[in-house]
There are 2 protein chains.
Amino acid sequence: MYQLNLGKLSLADFMQQYWQKQPLLIKQGFKNFQDPLSANELAGLALEDDVESRLVECRDGNWQLETGPFEDFSRYGDKDWTILVQAVDHWHPPAAELIEPFRFIPNWRIDDLMVSFSTPGGGVGPHLDQYDVFIIQGEGKRHWRVGMPDASLKQFCPHPRLLQVTPFTACIDVIMEPGDILYIPPGCPHEGISLENSLNYSVGFRAPAQKDLLTGLADYLLDNDISGKRFSDPDRNLTGNIGAISEQDLDQVQQLLVQLVSDRDKLPLWFGQYITQAKHELDQQEPDPHYQAEEIAEYLEEGSVLARLGGLRCSYYQTNESSDIQLFINGTTIVLPAEEQMTAQLLCDSKRIDQQQCLHFTAREERLLLLTDLINQGLWYFEE
Amino acid sequence: MYQLNLGKLSLADFMQQYWQKQPLLIKQGFKNFQDPLSANELAGLALEDDVESRLVECRDGNWQLETGPFEDFSRYGDKDWTILVQAVDHWHPPAAELIEPFRFIPNWRIDDLMVSFSTPGGGVGPHLDQYDVFIIQGEGKRHWRVGMPDASLKQFCPHPRLLQVTPFTACIDVIMEPGDILYIPPGCPHEGISLENSLNYSVGFRAPAQKDLLTGLADYLLDNDISGKRFSDPDRNLTGNIGAISEQDLDQVQQLLVQLVSDRDKLPLWFGQYITQAKHELDQQEPDPHYQAEEIAEYLEEGSVLARLGGLRCSYYQTNESSDIQLFINGTTIVLPAEEQMTAQLLCDSKRIDQQQCLHFTAREERLLLLTDLINQGLWYFEE
Ligand SMILES: O=C(O)CCC(=O)C(=O)O
Ligand SMILES: O=C(O)CCC(=O)C(=O)O
Ligand SMILES: [Co+2]
Ligand SMILES: [Co+2]
């Protein structure tokens with residue numbers, strides 16, 4: 001378990017002064033930091049087909065980028081490269097724990113845990129991201145510089161798949177040591193250059209762009225075969241300009257779209273499904289044979305503890321206290337009765353359901369059946 | 001050339017009293033009607049790969065539906081079937097002329113010309129459509145019945161791909177003869193049963209549903225790599241309910257979407273491109289070798305006449321008299337200077353550019369080059 005230590009700063013202060021506003025160095029944000037994985041384990045993940053990884057190398061000012069799966073790393077030598085592995089929380093339960101201290105931001109805003117291993121001199125170069133990130137320094141030391149957003153900076157590609165930014169003025173310039181944490185808001189230029197072999201953990205956030213939202217809604221309408229209203233024009237006047245698209249026709253097109261995207265009955269449902277879809281492969285393994293509900297009840301009563309599949313995205317929505325709860329798990333919706341808030345919270349609020357909390361699920365047949373189904377899909381599992 | 005004859009009714013009256021409101025029988029809407037094609041020619045089109053066709057048969061109350069291309073029709077006997085061919089205007093220039101008299105409705109609202117040939121007893125059964133249609137009776141006689149929209153009618157499928165409706169009360173019940181025209185608004189139940197071998201021409205309309213519009217906009221954003229703004233939450237307050245999707249977050253999602261679909265700068269552009277995309281194959285044939293601009297000028301000055309490719313969708317949009325004109329042809333945009341309204345109109349307003357009108361294009365180099373390009377793409381062609 002990792003515990004975030006902001007020193008004199010309260011979480012509320014952090015939200016007010018830094019979140020999405022300015023970068024922050026949190027010296028010893030994790031005290032006595034222990035890496036959840038080793039450089040070797042990370043390299044092992046980068047060999048796997050299902051895992052997304054990149055290796056970035058800079059030799060004599062020449063940037064190279066290769067994508068995994070990799071076969072071995074011996075040919076890269078002992079300096080000037082870094083390997084970055086996406087969604088490590090999907091594959092490595094101890095590493096996934098690094099996300100938990102940041103769950104003061106709602107689940108749906110959290111993306112994944114990226115882990116990088118860098119040799120001395122290694123880094124991806126100065127760049128901007130569109131998302132907030134907390135970068136945790138693990139083993140080794142790394143020189144990090146972070147600047148404020150600056151419209152005069154230019155982005156360019158030293159390699160077709162590597163986007164960098166022109167030199168920036170740093171407001172944070174620090175040699176990070178194990179347990180130090182950097183918070184970087186979207187648009188702040190940053191660059192990390194390793195001084196030693198070094199591990200970095202990036203807890204990244206998700207912030208859909210207008211296009212993503214619209215595309216998500218379009219997919220939802222297609223999947224659910226929702227056509228909506230058709231354009232209609234019973235009041236159309238005769239016009240000589242039959243080639244012209246008129247303002248009145250465009251008004252109606254706009255109105256049909258505005259009405260569709262403002263449908264507050266459908267909005268929470270599609271958004272919940274959309275935003276809980278995993279962007280990376282999940283390590284979902286159905287237990288074989290499936291469990292019977294009675295078996296599960298027995299294990300829970302004996303004190304077993306349940307863990308949520310790494311990277312599984314869970315949220316819920318309830319219009320008001322007396323309405324049904326929509327529980328969104330991995331892009332699907334489960335409807336719970338209004339009074340089942342606790343059920344939704346136990347499933348969504350943390351990665352682990354402890355011994356005491358587990359008993360909530362044995363107290364009611366429907367809850368036990370829900371849990372049985374989730375376990376049999378491989379979405380929750382008994383933790384040893 | 002066909003001329004629509006509404007008798008005592010003016011076009012303005014038609015729009016006010018009937019368009020999208022109630023069905024209308026226009027006896028002898030085309031006087032001395034001559035079929036633009038024969039049943040044999042239609043059957044010939046149904047043999048072709050690029051042409052969409054269906055054959056519907058009802059034997060002893062059993063509905064059958066087959067889709068083309070067909071090989072021959074001898075096995076269907078001499079009664080109780082009908083063959084329907086979509087987008088005949090794309091393949092048969094004389095038949096395409098049947099659409100022209102209905103161009104008092106803007107181009108973008110017009111869809112295609114469907115032509116059916118029915119043997120005695122033939123028809124697709126009673127059904128509803130979501131679009132307006134003018135059905136013209138060609139050769140032969142057919143019994144048509146049309147009713148008003150009626151929420152008590154039930155739709156059902158006597159065959160997986162045939163949607164029919166339960167029996168309805170007719171407000172029009174007529175034996176149609178060559179040149180008679182029926183106007184049927186969306187949602188009005190209708191049924192035609194042939195009394196003799198009979199040809200029917202359906203001028204259909206296009207009315208995008210909310211889903212179509214949203215999907216079209218999503219495609220436009222993807223094609224043009226427009227991401228728009230990202231979700232941002234610098235004012236987020238701390239919450240204990242990290243599993244919940246909050247009303248405030250949904251408010252912002254909604255606002256991002258509303259803003260995107262209300263962008264009146266982009267709306268005309270994407271809608272114009274979207275709505276001029278052909279739904280059916282075009283018979284587009286590039287001339288080989290390409291024409292030189294000078295050759296085209298010569299032909300036009302010698303009195304050649306140009307025709308627009310059948311089914312080609314053309315519209316334009318101009319915000320105000322002094323702004324550029326966006327000319328939409330087959331899903332692409334060409335920007336014309338503000339004063340080129342006549343150019344846009346000549347291209348969009350009718351299927352044919354006559355001898356006199358052609359000279360407009362030789363009067364200016366840019367117009368001639370535009371026309372040359374359109375001809376070399378096979379979108380306009382010299383008519384014999
Ligand atoms: O770990 C790295 O080398 C890059 C980290 C980074 O730039 C990020 O997480 O935004
Ligand atoms: O011609 C036919 O048989 C069917 C015509 C029809 O129902 C239509 O065009 O909507
Ligand atoms: Co970064
Ligand atoms: Co119909």
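By convention in this document, chain letters (A, B, ...) are assigned in the order of the sequence lines, proteins followed by strands, and residues within each chain are numbered from 1.
Note: D349(A) leads I325(A), I110(A), D349(A), V258(A) in heavy-atom pairs under 4.5 Å with chain B. Residue with the most contacts toward chain A among A344(B), P234(B), S232(B): P234(B) (heavy-atom pairs, distance under 4.5 Å). Ranked by non-hydrogen atom pairs under 4.5 Å with chain B, the options G240(A), A218(A), A244(A) are led by A244(A). In terms of non-hydrogen atom pairs under 4.5 Å with chain B, the most contact-rich of L250(A), I275(A), L256(A), L327(A) is L250(A). The candidate with the highest count of non-hydrogen atom pairs below 4.5 Å against chain B, out of P106(A), P185(A), C348(A), is P106(A). Ranked by heavy-atom pairs under 4.5 Å with chain B, the list R264(A), R236(A), Q326(A), Q345(A) is led by R264(A). With chain A as the partner, the residue from S262(B), A12(B), C314(B) showing the most heavy-atom pairs under 4.5 Å is S262(B). The candidate from L221(A), N107(A), L222(A), N237(A) with the greatest count of non-hydrogen atom pairs under 4.5 Å with chain B is N107(A).
Of the inter-residue distances, the one linking N241(A) atom CG with S315(B) atom OG reads 11.5 Å to the nearest 0.5 angstrom. Once rounded to the nearest 0.5 Å, the distance linking CG of D263(A) with CG of L257(B) reads 12.0 Å. Between the CD atom of Q318(B) and the CD1 atom of I245(A) there is a distance of 12.5 Å, given to the nearest 0.5 Å. Rounded to the nearest 0.5 Å, atoms CD (Q255(B)) and CG (L213(A)) are 12.0 Å apart. Atoms CG and CG, on L214(A) and L260(B) in that order, are 5.5 Å from each other to the nearest 0.5 Å. We find the CZ-CG distance between F14(A) and L238(B) to be 10.0 Å, quoted to the nearest 0.5 Å.
Neither the backbone nor the side chain of R206(B) comes within contact range of chain A, judged by heavy atoms closer than 4.5 Å. With a threshold of 4.5 angstrom between heavy atoms, I226(B) approaches chain A through N, CA, C or O but not through any side-chain atom. Heavy atoms closer than 4.5 Å to chain A are found nowhere in L347(B), neither backbone nor side chain. Looking at F205(B), neither its backbone nor its side chain comes within 4.5 Å of chain A, counting heavy atoms on both sides. The contact between Y131(A) and chain B is made entirely by side chain atoms (from C-beta outward), counting heavy-atom distances below 4.5 Å. Heavy atoms of Q16(A) lying under 4.5 Å from chain B are absent altogether. Heavy atoms closer than 4.5 Å to chain A are found nowhere in Q341(B), neither backbone nor side chain. Using a 4.5 Å cut-off between heavy atoms, Y18(A) makes no contact with chain B at all. Interface residue E247(B): backbone and side-chain heavy atoms are both found under 4.5 Å from chain A. Residue D219(B): no heavy atom, backbone or side chain, is found under 4.5 Å from chain A. In this structure, chain A has no heavy atom under 4.5 Å from any part of N224(B).
With a 4.5 Å cut-off on side-chain heavy atoms, W19(B) and D233(A) count as touching. F231(B) places none of its side-chain heavy atoms less than 4.5 Å from the side chain of D212(A).
Within the 3.5 Å criterion, the main-chain N or O of P208(A) finds no donor-acceptor partner in the side chain of R230(B). W108(B) places no side-chain N or O within 3.5 Å of a backbone atom of I242(A) that could act as its donor or acceptor partner.
The 12-atom threshold is not exceeded at CD of Q3(B), counting heavy atoms of other residues, nucleotides or ligands nearer than 6.0 Å. Few gaps surround CD on Q254(A); more than 12 heavy atoms of other groups in view lie less than 6.0 Å from it. For K279(B), the NZ atom is densely surrounded, since the number of other residues' heavy atoms within 6.0 Å is greater than 12.
A209(A) and S227(B) make their closest contact through CB-O, 3.4 Å (heavy atoms, listed as atom of the first residue, atom of the second, distance).
Residues D235(B) and K21(A) are not paired through a salt bridge, judged by the lack of any N-O separation under 4.0 Å between the basic side chain and the carboxylate. Residues R109(A) and D249(B) are not paired through a salt bridge, judged by the lack of any N-O separation under 4.0 Å between the basic side chain and the carboxylate.
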